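Note on naming: letters A, B, ... go to the chains in the order of the sequence lines (proteins, then strands), and numbering restarts at 1 for each one. As the structure is a computational prediction, the values presented were derived from the model and not from experiment.
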Number of protein chains: 2
Amino acid sequence: MKSNKKILLVEDDPNFGKILKDYLTINNYEISLAVNGIEGFEKFNKSEFDLCILDIMMPFKDGLTLAKEIREVNEAIPLIFLTAKNLKDDVLKGYKIGADDYLTKPFDSEILLAKIKSILNRKPSVNTEQKDIFEFDFGEFSFNSKLRILTHKEGNSFKLSPKENQLLKMLVLNFDDLLPRDIALNKIWRDANYFTSRSMDVYIAKLRKYLEKDPSLKIINVHGEGFRLMQE
Amino acid sequence: MKSNKKILLVEDDPNFGKILKDYLTINNYEISLAVNGIEGFEKFNKSEFDLCILDIMMPFKDGLTLAKEIREVNEAIPLIFLTAKNLKDDVLKGYKIGADDYLTKPFDSEILLAKIKSILNRKPSVNTEQKDIFEFDFGEFSFNSKLRILTHKEGNSFKLSPKENQLLKMLVLNFDDLLPRDIALNKIWRDANYFTSRSMDVYIAKLRKYLEKDPSLKIINVHGEGFRLMQE
DNA sequence: ATTATAATTTAAAATTTCTTAAAAAAATGT
DNA sequence: ACATTTTTTTAAGAAATTTTAAATTATAAT
């Protein structure tokens, strides 16, 4: 009956944390307990988890900040937030980061368990996050998306901002093919609306500026659909 | 920005249902509203939805029963339950059926919206993705309906507008066969009347212009019926 | 042959979407 | 706190797309 699912639990109240850990352990989950965001992030990086349960209100580094860091490293891992009161703002921020759910303290442990099961039972998603590629060559450029550096053959190189970097990476991964606007928006901006759309346009303009060092490369617009990075 | 996501909303309170429907419509979702479980299941079977929001307490057929029926037909579609009070039992039953989330009435509409986005933005699960065909060859042309590019053998190529693209795709899928006017109108223009019909004529003229590069291809009119793309 | 309905073509008007610069706001680093 | 960088917002103009209108031609029916 062992589920061998590993959960990272980050909770600053030691009593509550211990009780919750025990409860989940009894229910066949393997729990790593961290008492603040800093320790939480260290533990997260040390092993592979299937799910994170994060208290939002914590000293040193709160749950939302921790979540953002985790999301930068792993964009798929499910996140559940615990909020002390029904702080709507925290809840909305959590969803914006990419939360899968939240629970208001005090909550019913059976319901938490049901949520965990529901989330972990979801079918695995399509791109099984294969070894993350971060070095690309295209046209006269080489591009390291981990270091966020775009280098032109002539030695010229640009440091990319996080958004520039993500967008270029998605374009490169779909080289010569369409990158649908709403897919990029939902992935990078986590929301697709008029404003994020304009923001994306601005970044497309920035990338075009970088890429014009190689005139054979073009980011063309497919009206109403998205963009396409292509050569020649 | 249209999301073109379709949501089935099943809610027996007509006032609340209407308000919720309007709110979600404003936020660019296409809502089908049913007032009870029976109607809900009928609507569910009539078209393709991306998400269902089900009130649990309903006359005739409650939300949990409806959910079970939906799950038998479709095991992947996300379900969100609405419960009048915090009825723990209902919540747990919901999760057992395979709910993705639940909300306790009264709830905050912004939070519902955040949940919907969070759920719909999840990567589609493995078995959902049916491969859509988007590359076609006919006559001296190859046609990529994803990039909306029609290429002639001689290297000449045209960027198609969305409507040109959809119409050509329907013609090609019915190559040498009749494409009934009203079928194309209802699919592409979502309405068949005098004006959309004139509009379609304009697009037929545009396609003819493109296709005249290969004189063996013809879009012929079948008076009163529709059009036929044929070769010879 | 006459009449009514349907289809074709062209051009202009209306709408939607994209691009970009610049300002404002937010986040980050020293 | 201050300066710097990054991101978002605004707004105006450009480009692409769609609709509408009108004049013309074709088809079918009586």
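Between the NZ atom of Lys96(A) and the P atom of dT7(D) there is a distance of 13 Å, given to the nearest Å. What separates NZ of Lys159(B) from C1' of dT18(D) is a distance of 17 Å, to the nearest Å. Straight-line distance from the NZ atom of Lys206(B) to the P atom of dA16(D): 13 Å, rounded to whole Å. What separates CD1 of Ile188(B) from C1' of dT17(D) is a distance of 14 Å, to the nearest Å. Residue Leu64(A) contributes atom CG, which lies 17 Å from atom P of dA26(C) at whole-angstrom precision. Straight-line distance from the CE atom of Met200(B) to the C1' atom of dT20(D): 17 Å, rounded to whole Å. The nearest whole Å value for the distance from the CZ atom in Arg148(A) to the P atom in dT28(C) is 11 Å. Remark: P of dT9(D) and OH of Tyr203(A) are 11 Å apart, rounded to the nearest angstrom.
Regarding contacts with the backbone of dT19(D), a side-chain N or O of Ser199(B) is found under 4.0 angstrom from either OP1 or OP2. Remark: Trp189(B) is not in phosphate contact with dT18(D), judged by side-chain N or O atoms under 4.0 Å from OP1 or OP2.
Between Thr25(B) and Asp22(B), the side chains place no donor N or O within less than 3.5 Å of an acceptor N or O (distance only, hydrogens not considered).
Residue pairs meeting the side-chain hydrogen bond (donor to acceptor under 3.5 Å, both in side chains) criterion with at least one member in residues 221-232 of chain A, sequence neighbours excluded, are Asp176(A)-Arg228(A), Ser216(A)-Gln231(A), Glu225(A)-Arg148(B). Residue pairs meeting the ring-ring contact (aromatic ring centres under 6.0 Å, His included) criterion with at least one member in residues 149-181 of chain B, sequence neighbours excluded: Phe141(B)-His152(B), Phe158(B)-Tyr210(B).
With sequence neighbours excluded, no residue forms a side-chain hydrogen bond (donor to acceptor under 3.5 Å, both in side chains) with Lys68(A). Residues passing the side-chain hydrogen bond (donor to acceptor under 3.5 Å, both in side chains) test with Asn36(A), sequence neighbours excluded: none. Evaluation of the side-chain contact (heavy atoms from CB on, under 4.5 Å) rule for Lys153(A) yields Glu140(A) as partners, not counting sequence neighbours. With sequence neighbours left out, Ser109(B) forms a side-chain contact (heavy atoms from CB on, under 4.5 Å) with Tyr23(B). Under the side-chain hydrogen bond (donor to acceptor under 3.5 Å, both in side chains) criterion, Lys117(B) pairs with Asp191(A), not counting sequence neighbours. The side-chain hydrogen bond (donor to acceptor under 3.5 Å, both in side chains) check on Asn165(A) picks up nothing, with sequence neighbours excluded. For the side-chain contact (heavy atoms from CB on, under 4.5 Å) test, residues two or more places apart in sequence or in another chain that qualify with Val172(A) are Phe136(A), Phe138(A), Phe143(A), Leu168(A), Leu229(A).
None of Leu8(A), Asp50(A), Ile70(A) except one satisfies the side chain to side chain contact (heavy atoms under 4.5 Å, CB included) rule with Ile77(A); the exception is Ile70(A).
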Would you tabulate the pairs of protein nitrogen or oxygen atoms and nucleotide nitrogen or oxygen atoms of nucleotides 3-9 of chain C closer than 3.5 angstrom?
from	atom 1	to	atom 2	distance (Å)
dA6(C)	O4'	His223(B)	NE2	3.4
dA7(C)	OP1	Arg181(B)	NH1	3.4
dA7(C)	OP1	Gly224(B)	N	3.0
dA7(C)	OP2	Arg181(B)	NH1	3.1
dT8(C)	OP1	Arg208(B)	NH1	3.2
dT8(C)	OP1	Arg208(B)	NH2	2.8

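Within residues 160-172 of chain B, the residues that have a heavy atom under 4.0 Å from DNA chain D are, in order of number, Ser161(B), Pro162(B), Lys163(B).
Lys68(A) comes within 4.0 angstrom of no nucleic acid atom, judged by non-hydrogen atoms across all strands.
Rounded to 10 degrees, the angle between the two end axes of the helix from dA1(C)-dT30(D) to dT30(C)-dA1(D) is 40°, with five pairs used at each end.
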